[in-house]
Amino acid sequence: MTDDFRFTLRARDGGARLGEISTPRGAIRTPAFMPVGTAATVKAMYPGQVRELGADVVLGNVYHLMLRPGAERVAELGGLHKFMNWPHNILTDSGGFQVMSLAKLRKLDENGVTFQSHIDGSRHQLTPERSMEIQRLLGSDIQMQFDECVKLPCSHEEAERAMRLSLRWAERSRKAFGEQPGRACFGIVQGGAERDLRIESARALADMDFGGMAVGGLAVGEPQEVMLAMIETVMPHLPEHKPHYLMGVGTPDDLLQSVKRGIDMFDCVMPTRAGRHGLAYTRWGKLNLKNARHAEDPRPLDPTSSCPAARDYSRAYLHHLVRCQEILGMMLLTWVNLAYYQDLMAGAREAISAGRYDDYLAQVKDNWTRDGE
Ligand SMILES: CO[C@@H]1O[C@H](CNc2nc3cc4c(=O)[nH]c(N)nc4cc3[nH]2)[C@H]2OC(C)(C)O[C@@H]12
């Protein structure tokens, strides 16, 4: 156990990295997938279940928690770890992205963003200082700078404006974070799909004293090749001794391709959101269990899986639950999908350690062509 925040690079296999973040709350094995726990819960999962799947860290959101139940209230109740009964690491997103994708009547200026809650219309303001104060009140172990993420496609001028604003907000966020032993503040690289802006942003952030570097502004609807091109553009300019976090990503293929290019951390709503909508991620690809072809299929999703939801329930039963919109259907498929994402990352870590990541990537992709059977 350590009382400071430390990242150790354990092995490399081409561009892929095997590492470990250690904090007073435990180790985060990288490459890592962080289940999204937006409203202080990984939807449809017990915290103990999430941990059993191998998750070392979950993600929380300033935007949602400041609106409901409120950061001060969570602090009075002992902080977010105690509140949600998750004693392991928590990373919190700083709110800027969610404000722009969820809130109403947003007004952005140099100081921050004022907006109306999408829940009750109440008025709120987020600045770099308030976002870092909220993350400190929550007791977050990894706190994200407050930034502005532009939608893609956008003009070079617009991407430049938002990237420079995000750099000024990075300075303010880092100053407001101060020194919190055992915790880290991460900078977020912006710059849209513009190589010059991405490099300028990465270089400027690398000179600030951040504990890790995130790549933001992606997974906002751009094609995968644009996302991968931006990762390749910034990677040479990210400090290799600090964790690299790709925000909001992604599909299983996105994760494996990004690990190959030097990404260590991911978060994405896909496995949990897809599970609630009847979609199952399996070794052979994605299955839509609403589809009538599963109605009389007695086989489990994957008899070799270590996840009971994938091993002990027939596709016919899962199809029935999804068709009836039964709560158990959402629970079981969320479980299946998070197990798949954690196993995918565990396999990547093992493959990098053995120096056979490219074989692993090819083997996983080869299985996907067999249409879920
Ligand atoms: C696949 O899920 C959809 O795609 C979005 C995930 N993509 C994403 N890119 C992000 C970029 C940033 C960023 O630049 N900065 C900060 N602070 N946080 C970020 C969070 C991000 N998440 C989800 O967001 C919506 C709700 C649009 O659909 C989901």
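In what follows, every heavy atom counts, from backbone to side chain, and hydrogens, waters and symmetry copies are set aside. Every number for a ligand or one of its atoms is a count from 1 in the order of the listing.
- Inspection of the His319 and Asn291 side chains reveals no N or O donor paired with an N or O acceptor under 3.5 Å.
- For atom 4 (O) of ligand 1, the nearest protein heavy atom (residue, atom name, distance) is Ala219 O, 3.5 Å.
- Comparing Tyr63, Phe146, Phe186, Phe97 against atom 10 (C) of ligand 1, the shortest heavy-atom distance belongs to Phe97.
- Remark: the Asn89 side chain and the His81 side chain contain no N/O donor-acceptor pair separated by less than 3.5 Å.
- Between Gln190 and ligand 1, an N or O atom pair is found at a separation short of 3.5 Å.
- Between Asp93 and Met247 the shortest side-chain heavy-atom distance falls below 4.5 Å.
- Among the candidates His88, Arg51, Gln342, the single residue satisfying the side chain to side chain donor-acceptor pair (under 3.5 Å) test with Asp56 is Arg51.
- At a cut-off of 3.5 Å, with distance as the only test, a side-chain donor of Gln135 or Thr92 sits close to an acceptor on the other residue.
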May I have the list of side-chain donor-acceptor pairs in residues 268-277 shorter than 3.5 Å, sequence neighbours left out?
{"unit_1": "Thr272", "atom_1": "OG1", "unit_2": "Val269", "atom_2": "O", "d": "3.0"}
{"unit_1": "Arg276", "atom_1": "NH1", "unit_2": "Thr272", "atom_2": "O", "d": "3.4"}
{"unit_1": "His277", "atom_1": "ND1", "unit_2": "Arg273", "atom_2": "O", "d": "2.7"}

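- Less than 4.0 angstrom separates some heavy atom of Ile188 from each of these atoms of ligand 1: 17 (N).
- Checked against the 6.0 Å centroid criterion, the rings of Phe210 and Phe186 do not qualify as a close aromatic pair.
- The residue among Ser166, Gly248, Gly96 with a heavy atom at the shortest distance from atom 22 (N) of ligand 1 is Gly248.
- Contact between Met247 and ligand 1 is present, with at least one heavy atom of the residue lying under 4.0 Å from the ligand.
- Of all protein heavy atoms, the one closest to atom 3 (C) of ligand 1 is Val269 CG2, 4.3 Å.
- Separation of the Tyr63 and His118 ring centroids falls under the 6.0 Å cut-off.
- Looking only at heavy atoms of the protein, atom 28 (O) of ligand 1 is closest to Arg273 NH1, 4.0 Å.
- Classified by interplanar angle (parallel below 30°, tilted 30° to 60°, perpendicular above 60°), the ring pair His124/Phe115 is parallel.
- Of all atoms in ligand 1, numbered sequentially from 1 with element shown, those under 4.0 Å from a heavy atom of Gly217 are 11 (C), 13 (C), 14 (O).
- Each of the following atoms of ligand 1 lies closer than 4.0 Å to a heavy atom of Gly216: 13 (C), 14 (O).
- Atom numbering of ligand 1 starts at 1 in the shown order; those under 4.0 Å from a heavy atom of Asp147 are 13 (C), 14 (O), 15 (N), 16 (C), 17 (N).
- Given atom 17 (N) of ligand 1, the protein heavy atom at minimum distance is Asp93 OD1, 2.8 Å.
- From the protein, the heavy atom lying nearest to atom 9 (N) of ligand 1 is Leu218 O, 2.7 Å.
- Ligand-side atoms of ligand 1 in range of Ser94: 17 (N), range being under 4.0 angstrom from any heavy atom.
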